[in-house]
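Worksheet: the structure to be examined is printed underneath.
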Amino acid sequence: MSLYKGAALRRALAPTSVRVPSSSKRAFSASMPHANEPTFDAAAFGEQHITKGIGRLTKHVFEDGKGTYITTDKGVKLLDMTSGIGVCNLGHCHPKVSEAAAKQCMKITHAQVNIGFSSAQVALLRELIPILPHPSLDTVFLWNSGAEAVEAAVKLARAATKKQNIIVMQGSYHGRTCATAAMTRSKTIYGEGHGPLMPGIFATAFPYYAQFGLPSDTPIDELVEKSLFQLKLTLSQQTAPSDTAAIILEPVLGEGGYVPAPPAFLHGLRKVCDEHGILLICDEVQSGFGRTGTMFAVEESGVRPDVLVFAKGIANGFPLSGIASTNEIMNRQKPGTMGGTYAGNAVACAAAKAVIEVFREEKVLDNVAARSEQLFGFLNDLKNSGSKAGNLIQDVRGRGLMVGVQFQDADVIAQSQNEAARKKGGAGQIAPKVVQECVKRDMLLLSTSVFDVLRFIPPLTISEAEMQEACRIFGESLEAVAKEL
Ligand SMILES: Cc1ncc(COP(=O)(O)O)c(C=O)c1O
């Protein structure tokens, strides 16, 4: 029976505006508390007015960024070993990149791609296409975020193969949209409570010892063999090759734990894809743009992807992403199926062109090689030092400046469940504690994966002295955690 009757029902159904008292109407001149007020607390405002759905490492309010440092609204200078999760590869506000963006702002900011060609986009592509990992990747679609680009790759694979299913890696991360959350298998939190997610996604094994429950010194060949065997099973038990459009992987598993895909695994995937008319998609959103010591991580193996996905470092902080494939594959999509209001924004394109120029002019990849050696040297020395802190380290791995540290005998649980683990009498993971010790010492560092892993992703332009400082802070932080255990 209805709760409302007669006049009460009419009142309840009346348009909302009838019931809103005029005093609660908003005047255009009304404003929220202003940032210049001496008592204004931006973090408290953020806590109140920005969705709780965003997990946050610190409560700092970032005001300024230069190179490897960020300064907060309270004047705290933070050493940034996250580069905004692998975005500011040339450091914060690289002058050449910022200047190129500012100049573009005075020319044209929105050169809409469904209406005409964008001169800024064409200028970028003339620089970008020659540095892609294979000459066959000569046709591009630009978008805004990494997740959008992954979705574009999925649409392309489906249209090009006329098949539907997608195989992803266990431990993968491809984004948080409905399609990419379905493709993400690094932690349940990215899809939890948001189902049903996109169907047609099947996960197969990635050659990472921890995911097999094996020791860290398990030979790579064994892990590759096991993983390729699992792929065979996936194709015979879960998704038939005739239904499978693509296999997608990150050449360095990112959110899954900073684990490089061994070249033999990539060659194995290529072979399976060729045998069955399946497209191989490399998601280099995090591993691309110099991060691993080459422009793209897949270059190390020499394997040709059918589709490359890129974002993050391409524009050093401006939102830009894209996919590249062969002209033949790309042109199997009908005009109108791709596009988007902000696809390949002109300002972001101008910034990206400057990024490529800086890579050349400042020999950024040489710095990646030198700083990578410095970081690996420090971490391995610490691991082998015999100290209590060093003994906590199980494994140091990665490529270039995409470096992971895994801790010994960790509780295999998601960080979000750490509190529950402690309540049950467990110690919880080490990585999140080290991260907080680093934050206390004004350094930003991230953990990753359900395993107990820390990741170093500093700007690729980091100096020797800055890296030394980062190592010192990390060493002190790990020691502080070791003392408490
Ligand atoms: C490998 C990979 N793919 C896709 C994404 C999603 O990118 P975005 O956050 O820009 O949507 C990320 C983000 O971290 C990523 O690391």
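For ligands, and for the atoms within them, numbers begin at 1 and follow the listed sequence. None of the values given here were measured: they were computed from a predicted structure. All residue numbers in this chain count up from 1 along the given sequence.
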Nearest-0.5 Å distance, CD1 of residue I167 to CE of residue M169: 7.5 Å
[atom]: nearest protein contact (heavy atom, Å):
| atom | result |
| --- | --- |
| atom 14 (O) of ligand 1 | K312 NZ, 3.0 Å |
| atom 6 (C) of ligand 1 | A147 N, 3.6 Å |
| atom 7 (O) of ligand 1 | G146 CA, 3.3 Å |

Compare E255, H174, M183, E284 and give the one whose heavy atom is closest to atom 4 (C) of ligand 1.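 Answer by nearest heavy atom: H174.
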With backbone taken as N, CA, C and O and side chain as the heavy atoms from C-beta onward, which portion of R176 lies under 4.0 Å from ligand 1: side chain, backbone, both, or neither? neither
Please name the residue in the list D306, T337, I323 that meets the side chain to side chain contact (heavy atoms under 4.5 Å, CB included) test with L156. I323
Are F456 and Y258 close enough that their ring centres sit under 6.0 Å apart? no
Numbering as shown, the atoms of ligand 1 that approach [X] to under 4.0 Å (heavy-atom distance):
| X | value |
| --- | --- |
| S145 | 10 (O), 11 (O) |
| D283 | 1 (C), 2 (C), 3 (N), 4 (C) |
| E250 | 1 (C) |

Can you check ring pair (Phe, Tyr, Trp, His ring centres under 6.0 Å) on F451 and F407, steps first, answer last? CA-CA 8 Å; F451 300 102; F407 295 103; over 10 Å; no
Whether the S136 and T326 side chains hold a donor-acceptor pair (N or O, under 3.5 Å, no angle test) is what I'd like checked. no
Looking only at side-chain N and O atoms, does Y342 offer a donor or acceptor that is under 3.5 Å from a partner on E148?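 Not at all, the side chains of E148 and Y342 share no donor-acceptor pair under 3.5 Å.
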Between Q286 and ligand 1, does any nitrogen or oxygen pair lie at a separation below 3.5 Å? yes
Scanning both residues in full, the closest heavy-atom pair of S145 with S321 reads O-OG, 2.7 Å
